[in-house]
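The chains referred to below are lettered A, B, ... by the order of the sequence lines, with proteins before strands, and numbering in each begins at 1. Heavy-atom basis, side chains included; hydrogens, waters and symmetry copies ignored.
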Amino acid sequence: MPEDEILKQRTDKLKRLREEEGYDPFKVEKWDRKHTLGYVKEKYEYLKPDEMGEEDIETAGRIMTIRKHGKASFLDLADEYDTIQLCFQVNAMGEDQYSFFKKWVDTGDFIGIVGKPIRTRRGELSILVKEFKLLSKALRPLPEKWHGLKDTEIRYRQRYVDLIANPDIRDTFRKRAKIIRAIRDVLEKHGTIEVETPILSPIAGGANARPFITYHNALGINLYLRIATELYLKRLIVGMLGRVYEIGKNFRNEGIDIMHNPEFTALEVYWAYADYEDIMNLTEELVVAAADAVGQRKINYQGTELILEPPFRRASMKDLVKEYCGYDLSSIESDEEARAFAKKKGLEIKGNESRFVILAELFETFVEDKLIQPTFVIGHPTEISPLAKRNPENPDFTNRFELYIYGNEVANAFSELNDPLDQRERFMDQARKKEEGDEEAHVFDEDFITALEYGLPPTGGLGVGIDRLTMFLTNSRSIRDVILFPTMRPKQ
RNA sequence: GGGCCGUUAGCUCAGUUGGCAGAGCACCGGACUUUUAAUCCGGGUGUCACAGGUUCGAUCCCUGUACGGCCCA
């Protein structure tokens, strides 16, 4: 039957219910749910076939299936966590209620029930219902009961249908909540305060990315959706908040794929008086707390075992690139030589890359996807790290690390650059890159320099991709499986 | 941005070398007091994504478009 016909049929049924019975399920305001299905399942597990519990259970849920047998019927009732069978029998609830049920109740409807726990002859823990109340009606049919809902397009566009039909998906989002809760707990424990910084701002800085642009009518100016929280959070360290963090959405105007959604959730943390090694320890603590929150440190991700047990492997970018593609920076004498090497390796060369940029590009091409187990990659070139403090022994490199899991960047952190003079130069270098056509180069933020001129203490900072971390911890293949309403192109 | 794949009933999917469009579940009517993929009897509910083209005839072949997925940059 076409969906609009079912819709019409059920709408008519609702109308008749209102007229013939004087009952309007949409006028019901509440139901006192004294017990959950989980409570019943746990407490009455012991019941033997044909045995009945003494307690009156008062619970509620959505009817998932109905098996009608004349004067007795069986329903599967689901609440947010569990499903339990209900027995509807004429001699338990009386003629009136039973015929009301037969006439007016459909799968998808919400009902509240009162009844006693029993185990049926066939061994199924159930509730023998003596009273029920129709709490709300479904006018559209549920997806098919065996296969659930598979169509990715409907799953993402109408997540509510996905969540009804595929209980596992509900579990993924519960785990996501637990992960974020665990992260907050660790940070609070370390005296880090949660703050909120602007999403709309005149300058979108703190990362290499293109922003979304919007327009403020009253001010008559363009504003940008943030691409990172970094520059605002560091201003707060200047402002002596000591330790701050923010968990929130960032927005990057780029493509959508299995690892990228235009809006995504990031954690950023800044600790005064800490360096990147302290932050590395913190990162391990956060990842492990997140893993523990959802159950375990050894996880199966898409058939690969990932072991989230600290200490994570630590390796320098230079060594990794040397190991995986033979590029030994210490023996490279010129940028030309570096470019020639890269070209031989099949990289596309523009012609102005430095030996450091080549290092980073070789890393991306030849190393990244090999880093399956959690690995801290340390020591990124200064040229590609415009907000990170230089390594005092080798100023071409920074005290920075990224955490890779399953070939993907999950965290990025460094000792923060707090020298306003150097920061100005770095921004100017970025501005040059922008002029040369790099649309993702950092924007010059004069007020941020001003803030640094007031004095930023030595500070360690961290960014973590919450969606990606959640993917690994929930064995989700796509970032869209851990975002409730992923970005979709509008239909038509 | 490029390549490949997909789009058929509410859902999961068949199918047609180009000739009246199929199944299971769901849904509607009936029977049934222990089912749990209930069973039995009856009912097919569709713009075969959209727009063109080829053809006597297109859901099928061709072109384009939309949306989705995968891979690559």
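- Atom CD of A:Glu153 is separated from atom C1' of B:C67 by 5 Å (rounded to the nearest Å).
- The base of B:U34 lies close enough to the side chain of A:Gln89 for a donor and an acceptor atom to sit less than 3.5 Å apart.
- A close approach under 4.0 Å does occur between a side-chain nitrogen or oxygen of A:Arg489 and OP1 or OP2 of B:G68.
- The NZ-P distance, from A:Lys150 to B:U7, rounds to 15 Å in whole Å.
- By the 6.0 Å and 45° rule, A:Lys434 does not stack over the aromatic ring of A:Phe444.
- Judged by the 6.0 Å and 45° rule, A:Lys345 forms no cation-pi pair with A:Tyr327.
- Across the P atoms, B:C40 and B:A26 are found 12 Å apart, a figure rounded to whole Å.
- Distances shorter than 4.0 Å separate none of the side-chain N or O atoms of A:Arg140 from OP1 or OP2 on B:G10.
- Pair check for B:G22 finds B:C13; Watson-Crick or G-U wobble, both atom distances under 3.5 Å.
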Go through the steps to decide whether A:Arg159 and A:Asp162 satisfy the test salt bridge (charged side-chain N to carboxylate O under 4.0 Å, His left out), and finish with yes or no. CA-CA 5 Å; A:Arg159 180 70 86 182; A:Asp162 187 29; 2.8 Å; yes

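- Remark: the separation of the C1' atoms in B:G44 and B:C27 is 11 Å, to the nearest Å.
- Remark: the separation of the C1' atoms in B:C13 and B:G6 is 13 Å, to the nearest Å.
- Taking the side chain of A:Arg477 as heavy atoms from C-beta on, and the options B:G10, B:C28, B:C70, the nearest nucleotide is B:C70.
- A:Arg155 comes within 4.0 angstrom of no nucleic acid atom, judged by non-hydrogen atoms across all strands.
- Using atom C1' as the reference point in both B:C4 and B:A14, the two lie 23 Å apart (nearest Å).
- Comparing A:Lys68 and A:Asn91 against RNA chain B, the residue whose closest nucleotide sits nearer the 5' end is A:Asn91.
- Between A:His147 atom NE2 and B:C13 atom C1' there is a gap of 8 Å when expressed in whole angstrom units.
- Using atom C1' as the reference point in both B:A38 and B:G24, the two lie 15 Å apart (nearest Å).
- Base pairing annotation: B:U7 forms a Watson-Crick or G-U wobble pair with B:A66, both donor-acceptor distances under 3.5 Å.
- B:U34 atom P lies 24 Å from atom NZ of A:Lys48, rounded to whole Å.
- Residue A:Arg119 is out of contact with every strand shown, counting any heavy-atom pair closer than 4.0 Å.
- For the P atom pair drawn from B:U63 and B:C70, the interatomic distance equals 25 Å after rounding to whole Å.
- Atom-to-atom, CZ of A:Phe101 to C1' of B:C32 comes out at 14 Å; the value is rounded to the nearest Å.
- One atom, NE2 of A:His69, and another, P of B:A38, lie 9 Å apart when rounded to the nearest Å.
- OP1 or OP2 of B:A38 has at least one side-chain nitrogen or oxygen of A:Lys145 nearer than 4.0 Å.
- Rounding to whole angstrom units, CE of residue A:Met259 and C1' of B:C72 are separated by 16 Å.
- Using a 4.0 Å heavy-atom criterion, one finds that A:Leu142 contacts no nucleic acid atom at all.
- Backbone-only contact: A:Gln9 has heavy atoms under 4.0 Å from sugar-phosphate atoms and none from a base.
- In this structure, of B:C32, B:U33, B:U12, it is B:U12 that holds the atom nearest to the side chain of A:Asp151.
- Checked by atom type and distance alone, the side chain of A:Arg176 pairs as donor or acceptor with a backbone atom of A:Val482 at under 3.5 Å.
- In this model, a side-chain donor or acceptor of A:Glu144 finds a partner on the base of B:G24 within 3.5 Å.
- Across all strands shown, B:G43 is found opposite B:C27 as a Watson-Crick or G-U wobble partner, with both distances under 3.5 Å.
- B:U55 makes up no base pair with any nucleotide shown, lacking Watson-Crick or G-U wobble contacts both under 3.5 Å.
- Side-chain atoms of A:Tyr44 and A:Glu55 include a donor-acceptor pair closer than 3.5 Å.
- A close approach under 4.0 Å does not occur between any side-chain nitrogen or oxygen of A:Arg10 and OP1 or OP2 of B:C28.
- Among the atoms of the strands shown, none is found under 4.0 Å from any heavy atom of A:Gly255.
- A distance of 9.0 Å separates CG of A:Leu135 from CZ of A:Phe110, quoted to the nearest 0.5 Å.
- Nucleic acid contact class of A:Ile258 (heavy atoms, under 4.0 Å, all strands): sugar-phosphate only.
- As rounded to the nearest Å, B:U36 and B:C72 have C1' atoms that lie 48 Å from one another.
- Note: CD (A:Gln158) to P (B:G68) measures 14 Å, nearest angstrom.
- In terms of position along RNA chain B, the nucleotide closest to A:Thr120 lies nearer the 5' end than the nucleotide closest to the other residue of the pair A:Asp257 and A:Thr120.
- You'll find that the side chain of A:Lys102 is closest to B:C32, out of B:C32, B:C11, B:G10.
- Base pairing of B:C48: no nucleotide in any strand meets the Watson-Crick or G-U wobble criterion (both distances under 3.5 Å).
- Between A:Glu409 and the options A:Arg468, A:Glu364, A:Glu368, A:Met259, a side-chain contact (heavy atoms from CB on, under 4.5 Å) holds for only A:Arg468.
- Using a 4.0 Å cut-off between a side-chain N of Lys or Arg and a carboxylate O of Asp or Glu, A:Lys34 and A:Asp56 do not qualify as a salt bridge.
- Nucleic acid contact class of A:Thr65 (heavy atoms, under 4.0 Å, all strands): none.
- A:Arg121 has no side-chain polar atom (N or O) that falls below the 4.0 Å cut-off from OP1 or OP2 of B:U34.
- Rounded to whole Å, the separation between the P atoms of B:A9 and B:G15 comes to 15 Å.
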